[in-house]
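Just so you know, ligand 1 is whichever comes first in the structure, and atom 1 is the first atom listed for that ligand.
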Amino acid sequence: MSDNVRPASLERITTPELAKAFIEEQIAALRAQIGDKRVLLALSGGVDSSVVAALLIRAVGKQLVCVHVNHGLLRKGEPEQVIQVFRNELGAELIYVDAVDRFLDKLAGVADPETKRKIIGKEFIEVFAEEARKLDGIEFLAQGTIYPDILESGPVKSHHNVGGLPEDLKFELVEPVKFLYKDEVRVVGKALGLPDGMVYRQPFPGPGLGVRCVGAITRDRLEAVRESDAILREEFAKAGLEGKVWQYFTVVPDFKSTGITDGQRTFEWPAIIRAINTVDAVTAEVAELPFSLVKKIVARITAEVKGVNRVLWDVTPKPSATIEYE
Ligand code: XMP
């Protein structure tokens with residue numbers, strides 16, 4: 001049997017009891033594999049890498065070194081949450097890399113979507129590799145690979161595969177959730193005690209807010225994406241829609257239109273609301289939001305987000321549109 005086929009003996013993990021049994025088995029397997037060596041993990045704060053980190057903390061404690069790269073394209077509060085949960089609460093060895101200027105400088109003036117993605121992917125590998133080279137005695141690299149990544153069934157991770165580490169950094173892989181589906185990873189994450197905000201997180205693209213700041217990224221427009229996204233998420237949570245709508249976010253395109261605020265003419269960006277439901281991200285339907293909620297979000301974004309004077313609601317399914325804008 002291939003190493004990449006889910007074992008028939010692995011029961012589908014649907015309950016906390018099954019998750020606990022899986023966790024115990026994995027802890028034993030991880031200890032057997034890693035021994036007293038050190039293991040490195042790029043911890044984005046997404047559900048897969050978070051669950052892998054939590055498993056490894058239980059299995060080998062301080063032998064795990066997590067690297068969290070802040071590329072400036074994360075959502076509001078994300079780096080803080082990773083530090084709070086993993087360093088402060090779980091006691092992990094966590095290296096936080098503030099690479100915001102480095103990424104944004106490289107991206108300045110770059111408008112082509114594929115070039116933007118390539119720069120982000122390449123820079124990420126470089127920053128991570130630099131951190132890895134500073135560490136002694138690392139023999140393993142942990143990854144949050146999940147079963148759909150192996151099956152390559154979905155489009156979600158296939159087009160953000162940025163390639164491997166440079167030749168001088170060849171580690172043995174540690175992939176404790178590689179036979180699990182997303183819903184099982186979430187059940188395991190919950191059983192490991194990770195916060196709901198992490199376990200039930202909506203999908204978030206590797207290039208982050210970069211693909212939602214359409215065209216050449218500027219710091220002020222990126223802030224408008226981040227702030228409008230935070231308001232949208234807050235209002236969805238208040239309306240009880242968290243976990244009910246598959247994916248929701250805002251986009252700020254690179255054009256301006258006239259508006260009026262306090263009797264003054266303005267010339268600013270629009271923010272676009274995107275909220276969709278899907279099973280596999282291959283096709284998607286627009287979520288039918290209560291209009292009162294839409295109006296509340298419009299009022300808050302136009303009042304609170306600097307540089308935005310108009311809000312648009314994208315009601316296009318996939319196809320013809322993709323879910324993201326780039
Ligand atoms: P599209 O825009 O192609 O998106 O309809 C489909 C799903 O994939 C997510 N997406 C990504 N996920 N890295 C990821 O991990 C990426 O580079 C990436 N690009 C898009 C997108 O958010 C949606 O859920």
Visitor: Checking Q202 against E242: is there a side-chain donor and acceptor pair closer than 3.5 Å?
Guide: no

Visitor: Write down the atom of A239, the atom of L293, and the distance for their closest heavy-atom approach.
Guide: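 Looking at all heavy atoms of both residues, the shortest contact is CB-CD1, 4.1 Å.
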
Visitor: With only distance considered, is P205 within less than 3.5 Å of ligand 1 through an N or O on each side?
Guide: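 No: no nitrogen or oxygen of P205 is under 3.5 Å from one in ligand 1.
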
Visitor: For W246, counting its heavy atoms only, list the atoms of ligand 1 lying under 4.0 Å from any of them.
Guide: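 Listed by number with element: 24 (O).
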
Visitor: Taking atom CD of E89 as the centre, does the number of heavy atoms from other residues, nucleotides or ligands within less than 6.0 Å exceed 12?
Guide: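 Enclosed.
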
Visitor: Could you point out which residue of R310, K256, K306 forms a side chain to side chain contact (heavy atoms under 4.5 Å, CB included) with W269?
Guide: K256

Visitor: Do any N/O atoms on E324 end up under 3.5 angstrom from N/O atoms on ligand 1?
Guide: yes

Visitor: Can you tell which of E326, R117, K318, Q202 gets a heavy atom nearest to atom 5 (O) of ligand 1?
Guide: K318

Visitor: Within a distance under 4.0 Å of any heavy atom of T322, pick out the atoms of ligand 1 and give their elements.
Guide: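 Those qualifying, in numeric order: 1 (P), 2 (O), 5 (O).
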
Visitor: Check this for me - ligand 1, I323, N or O atoms closer than 3.5 angstrom, yes or no?
Guide: yes

Visitor: Should the pair E78-R75 be classified as a salt bridge under the 4.0 Å nitrogen-to-oxygen rule?
Guide: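 A salt bridge links E78 with R75.
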
Visitor: Parallel, tilted or perpendicular: which describes the rings of Y147 and Y181, with under 30° parallel and over 60° perpendicular?
Guide: perpendicular

Visitor: Going by the atom numbers of ligand 1, which of them fall below 4.0 Å from some non-hydrogen atom of P207?
Guide: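 Matching atoms, with element in brackets: 16 (C), 17 (O).
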
Visitor: Could you check whether any heavy atom of Y325 sits closer than 4.0 Å to an atom of ligand 1, since that is the contact criterion I want to use?
Guide: no

